[in-house]
Amino acid sequence: MTVLDDIVAGVREDLEDRRRRVPLTEMVERAQAAAPVRAFDLDADFSVIAEVKRRSPSRGDLAPISEPGRLAGLYAVGGARAISVLTESRRFSGSLDDFDEVRAAVDVPLLRKDFMVDEYQFHEARAHGADLVLLIVAALDPVQLRDYLALSAELGMTALVETHDAAELEIAADLDARLIGINTRNLKDLSVDTSRFAPLAELAPPGCTLVAESGVAGLADVESYAHAGAHAVLVGEALVRDGDPQSAVARFTSAGADIRTRATA
Ligand SMILES: O=C(O)c1ccccc1NCC(=O)[C@H](O)[C@H](O)COP(=O)(O)O
């Protein structure tokens, strides 16, 4: 069993508990009654998607984050274009409670960062006020990918379609995904190799908004991703460990924007 299979198996078990408590029909109604979606700006010069991440399978405990809403507030003041909140509990110690706290604290678009493998989770995400959801190509078959991309759009949410290699990028391109992530974390051994981004970025479909995911330890990584064509970076560990996450988001955003503006001038 791969790490991804193992994570997904746990996600499915936890999901069944929630579905027993709140059936799909009720969750659909809650999603319909949710506050309107806040649109993620796909055309910004450069965006930081700042993540609320307590722990991870690869790195263990990262930060206790006793007040996720407060951390998200600092990200927002620093200029985060969106905030990613991990809601997977077993491996990342995230939760929908964290998501709710963040939702109550900030007005920026929120990404529900989870392993989305069932229709229920999309309605649930919207019911909790999500504006973006993650679709991991490696975790879904082609029919699920197409259906969940359509369902996300139907619910008004933007899907971040996450890829790891050329074959997955081709699948994302065939789906006409507008927001495509290239995650430089290998899902088999969980190692991160930021140098994987540049050659893959060249294969991204023209016109998409490209997000570099994982491995940002500092400004040099943001700059190198932006040079290679990233329009956004998704940053977790470096921000939750930073003593001043607000300034870190601001620095990353302006460094990336400088490079992207020069590249398109
Ligand atoms: O972070 C992990 O160890 C991990 C393991 C298995 C699947 C996904 C995983 N991470 C999800 C992510 O994509 C990252 O949280 C995100 O890209 C931020 O990465 P980082 O800035 O390196 O914390």
Side-chain angles (χ1 to χ4, degrees), residues 1-12 47-65 68 71-72 75 78 80-95 98-99 102 110-117 132-140 159-165 168 172 179-197 200-201 210-226 230-242 245 248-249 251-253 255-256:
M1 205 188 224
T2 65
V3 182
L4 184 59
D5 291 340
D6 188 42
I7 295 174
V8 167
V11 163
R12 286 191 186 283
S47 302
V48 171
I49 304 174
E51 189 153 275
V52 176
K53 183 179 188 184
R54 296 169 188 281
R55 82 182 306 277
S56 78
S58 59
R59 308 279 291 161
D61 289 329
L62 302 175
I65 314 185
L71 176 61
Y75 287 164
R81 207 84 61 183
I83 296 174
S84 162
V85 184
L86 272 151
T87 57
E88 196 279 344
S89 61
R90 297 183 186 211
R91 300 297 201 99
F92 293 86
S93 300
S95 66
D98 279 356
F99 193 93
V102 171
L110 294 191
L111 166 66
R112 179 186 184 184
K113 189 88 180 318
D114 210 317
F115 298 79
M116 306 294 282
V117 290
L132 299 108
V133 283
L134 182 68
L135 294 183
I136 303 175
V137 172
L140 298 165
L160 169 58
V161 178
E162 178 178 298
T163 66
H164 297 84
D165 57 30
E168 290 180 9
L179 184 63
I180 297 181
I182 295 176
N183 198 330
T184 59
R185 188 184 313 275
N186 178 326
L187 281 182
K188 294 192 178 77
D189 62 11
L190 302 188
S191 62
V192 173
D193 177 359
T194 55
S195 73
R196 290 176 58 78
F197 182 80
L200 288 173
L210 195 57
V211 184
E213 298 180 51
S214 300
V216 168
L219 266 189
D221 301 303
V222 175
E223 288 169 350
S224 133
Y225 278 146
H231 304 102
V233 285
L234 197 161
V235 190
E237 178 170 352
L239 291 178
V240 300
R241 286 190 190 276
D242 199 298
V249 169
R251 270 198 319 276
F252 291 173
T253 306

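In each ligand, atom 1 is the first atom listed, and ligand 1 is the first ligand listed. This structure is a prediction, so every number in the text was calculated from the model and none was measured.
Listed by number with element, the atoms of ligand 1 under 4.0 Å from a non-hydrogen atom of K113 are 11 (C), 12 (C), 13 (O), 14 (C), 15 (O), 16 (C). The contact set between ligand 1 and E213, taken as ligand atoms under 4.0 Å from a residue heavy atom, comprises 13 (O), 17 (O). Using a 4.0 Å cut-off to heavy atoms of E237, the atoms of ligand 1 that qualify are 20 (P), 21 (O), 23 (O). Interface of S58 with ligand 1, defined as ligand atoms under 4.0 Å from a residue heavy atom, comprises 1 (O), 2 (C), 3 (O). Shown in contact with K53 at under 4.0 Å from a heavy atom are these atoms of ligand 1, numbered in order with element: 1 (O), 14 (C), 15 (O), 18 (C), 19 (O), 20 (P), 23 (O). Of all atoms in ligand 1, listed by their number and element, those nearer than 4.0 Å to a heavy atom of V235 are 21 (O).
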Under the side chain to side chain donor-acceptor pair (under 3.5 Å) criterion, do R54 and S93 qualify, and how do the steps go? CA-CA 6 Å; R54 296 169 188 281; S93 300; over 6 Å; no

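Donor-acceptor pairing under 3.5 Å is recorded for the side chains of S214 and N183. Between the side chains of T163 and E168, no donor N or O sits under 3.5 Å from an acceptor N or O.
In V192, neither the side chain nor the backbone holds a heavy atom less than 4.0 Å from any atom of ligand 1. At a 4.0 Å heavy-atom cut-off, ligand 1 touches N183 through the side chain alone.
The heavy atom nearest to atom 19 (O) of ligand 1, considering only R55, R185, R59, is found in R185.
Counting heavy-atom neighbours within 6.0 Å of R59 CZ, excluding the residue itself, gives a total of 12 or less.
Every N/O-N/O distance between L86 and ligand 1 stays at or above 3.5 Å. Of the N or O atoms in F92, none lie within a sub-3.5 Å distance of an N or O in ligand 1. Residue-to-ligand polar distances keep E162 apart from ligand 1: every N/O pair is separated by 3.5 Å or more.
Not close to ligand 1: A238, with no non-hydrogen atom less than 4.0 angstrom away. Ligand 1 is never approached by R91 to a heavy-atom distance shorter than 4.0 Å.
Shortest contact from atom 7 (C) of ligand 1 to any protein heavy atom: L187 CD2, 3.5 Å.
Residues T194 and S224 form no side-chain contact, since every pair of their non-hydrogen atoms from C-beta on lies 4.5 Å or further apart.
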